[in-house]
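Here is the structure we will look at, set down as structure tokens.
Whatever order the structure lists them in is the order used to number ligands and atoms, beginning at 1. Counting begins at 1 with the first residue of the sequence.
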Amino acid sequence: MRNFISVNDVNNISELIQKAFEHKKSPYSNKSLGTNKTLGLIFLNPSLRTRLSTQKAAQNLGMNVIVMNMDKDGWALETQDGIVMNQNTVEHIKEAAAVMGQYCDIIGVRSFPKLIDKEEDYSGDFFKKFVKYSNVPIVSLESSTLHPLQSFADVLTIEETKTKPRPKVVLTWAPHIKALPQAVPNSFAQWMNAYDVEFVITHPKGYELSKEFSGKASIEYNQDAALNGADYVYVKNWSSFEDYGKVLSMDSHWMMTNEKLKLTNNAKVMHCLPVRRGIELADEILDGPNSLVIPEAANRVWAAQAVLSEILKNNF
Ligand code: AN0
Ligand code: CP
């Protein structure tokens, strides 16, 4: 593995899962793998979990970590080619990524979509340019379209809690007051399709995800029907892909509650966090015995540690 930008960068998911569990069991046994190697974490958007878990994972491997909040502390970045930079952008990605590559052995980058131009957001242009100009391995800390470190941690969470070989996993849309990216649900769908589960997606009409990521998942517009017999319910809001970036519904009936949980097979409830209580998920679920949100966040460390280990072993 050189870059980690989507599930397609993983040769063997089962092997990577096992490696993550080895790190979880013995966090410091690869302490010399990253000695004298520097990880740069570049954030163009806020983060709690991704920032702390990836930093901790790198430290467990003996790496040095530099964190930069590009949105607050960096120069405004230009990404378009051949542009005359006479507006607000100060520095081109060509120089910025190349310079970061001089200081860092691996770079993690978070860059959310603007949710204005679908083609631009879904082109993957930003990450492709980072890969090209930095000339070092790149790890996605959430791109415009995907959040693979989150999805890998989600897979680990299901793997360590499942009570049957092929559980039913339901990804359900939930209401939110803001237009959020499709990155988390796209990525979750991509990983579920690559992993052995019965996978159903439920959302109001108009919230269909890109087929590129939802793939072979079955779509059920009736949330109650989708939840029937579910072993896991993965709750997330996203804005429309079709009517790009728009909020089409705020229907509070889509919020996950204990009443809805009764339709399931006593399902475990997951959410990547941050979550809006009382809008996406009821307090009773988050504070109740079925919530997996904290162990799920904890697994972010082992997902990141497995990925960084693979990159360190294969490239240095
Ligand atoms: C972001 C999103 O939905 O992509 C990050 C989630 C990890 N969430 C918010 O902006 C609230
Ligand atoms: N789940 C997740 O990526 O959280 P942060 O946005 O806080 O990093």
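- E160 pairs by the salt bridge (Lys or Arg N to Asp or Glu O under 4.0 Å) definition with K24, not counting sequence neighbours.
- You'll find the ring centres of F241 and Y122 inside the 6.0 Å limit.
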Could you list the donor-acceptor pairs under 3.5 angstrom formed by side chains in residues 86-101, with sequence neighbours left out?
unit_1: T89; atom_1: OG1; unit_2: E78; atom_2: OE1; d: 2.7
unit_1: H92; atom_1: ND1; unit_2: K94; atom_2: N; d: 3.1
unit_1: H92; atom_1: NE2; unit_2: Q80; atom_2: O; d: 2.7

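- Below 3.5 Å of separation, one finds an N or O of E142 facing an N or O of ligand 1.
- Contacts with ligand 1 closer than 4.0 Å are made by no heavy atom of R49, backbone or side chain.
- Under the 4.0 angstrom criterion for non-hydrogen atoms, A183 is not in contact with ligand 1.
- Ion pair K19/E310 flagged as a salt bridge, since at least one NZ, NE, NH1 or NH2 atom sits closer than 4.0 Å to an Asp/Glu carboxylate oxygen.
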List the atom pairs, with distances to 0.1 Å, where a side-chain N or O of residues 62-72 and a protein N or O form a donor-acceptor pair under 3.5 Å, not counting sequence neighbours.
unit_1: N69; atom_1: OD1; unit_2: R51; atom_2: NH1; d: 2.7
unit_1: N69; atom_1: OD1; unit_2: R51; atom_2: NH2; d: 3.3

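- Checking only distances, K236 does come within under 3.5 Å of ligand 1, N or O to N or O.
- Between W191 and F152, a ring centre-to-centre spacing shorter than 6.0 Å is recorded.
- In terms of heavy atoms, V307 sits closest to V139 at CG1-CG2, 4.4 Å.
- The two residues N186 and F213 come nearest to each other via the heavy atoms CG-CD1, 3.4 Å.
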Report all N/O contacts between ligand 2 and the protein shorter than 3.5 Å as a table of atom names and distances to 0.1 Å; if there are none, say 'none'.
unit_1: ligand 2; atom_1: 1 (N); unit_2: Q150; atom_2: OE1; d: 2.9
unit_1: ligand 2; atom_1: 1 (N); unit_2: C272; atom_2: O; d: 2.9
unit_1: ligand 2; atom_1: 1 (N); unit_2: L273; atom_2: O; d: 2.9
unit_1: ligand 2; atom_1: 1 (N); unit_2: R300; atom_2: NH1; d: 3.4
unit_1: ligand 2; atom_1: 3 (O); unit_2: T50; atom_2: OG1; d: 2.9
unit_1: ligand 2; atom_1: 3 (O); unit_2: R110; atom_2: NH2; d: 3.1
unit_1: ligand 2; atom_1: 3 (O); unit_2: H147; atom_2: NE2; d: 2.8
unit_1: ligand 2; atom_1: 3 (O); unit_2: R300; atom_2: NH1; d: 3.1
unit_1: ligand 2; atom_1: 4 (O); unit_2: R49; atom_2: NE; d: 2.8
unit_1: ligand 2; atom_1: 4 (O); unit_2: L273; atom_2: O; d: 3.4
unit_1: ligand 2; atom_1: 6 (O); unit_2: R110; atom_2: NH1; d: 2.8
unit_1: ligand 2; atom_1: 6 (O); unit_2: R110; atom_2: NH2; d: 3.4
unit_1: ligand 2; atom_1: 7 (O); unit_2: L48; atom_2: N; d: 2.6
unit_1: ligand 2; atom_1: 7 (O); unit_2: R49; atom_2: N; d: 3.0
unit_1: ligand 2; atom_1: 7 (O); unit_2: R49; atom_2: NE; d: 3.3
unit_1: ligand 2; atom_1: 7 (O); unit_2: R49; atom_2: NH2; d: 3.0
unit_1: ligand 2; atom_1: 8 (O); unit_2: S47; atom_2: OG; d: 2.7
unit_1: ligand 2; atom_1: 8 (O); unit_2: R49; atom_2: N; d: 3.4
unit_1: ligand 2; atom_1: 8 (O); unit_2: T50; atom_2: N; d: 2.8
unit_1: ligand 2; atom_1: 8 (O); unit_2: T50; atom_2: OG1; d: 2.7
unit_1: ligand 2; atom_1: 8 (O); unit_2: R110; atom_2: NH2; d: 3.4

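- Nearest protein heavy-atom neighbour of atom 1 (C) of ligand 1: F112 CZ, 4.0 Å.
- The single protein non-hydrogen atom nearest to atom 10 (O) of ligand 1 is L180 CD2, 3.7 Å, given as residue, atom name and distance.
- Between Y221 and H203, the distance from one ring center to the other falls under 6.0 angstrom.
- Proximity of L273 to ligand 1, defined as any heavy-atom pair under 4.0 Å, is confined to the backbone N, CA, C and O atoms.
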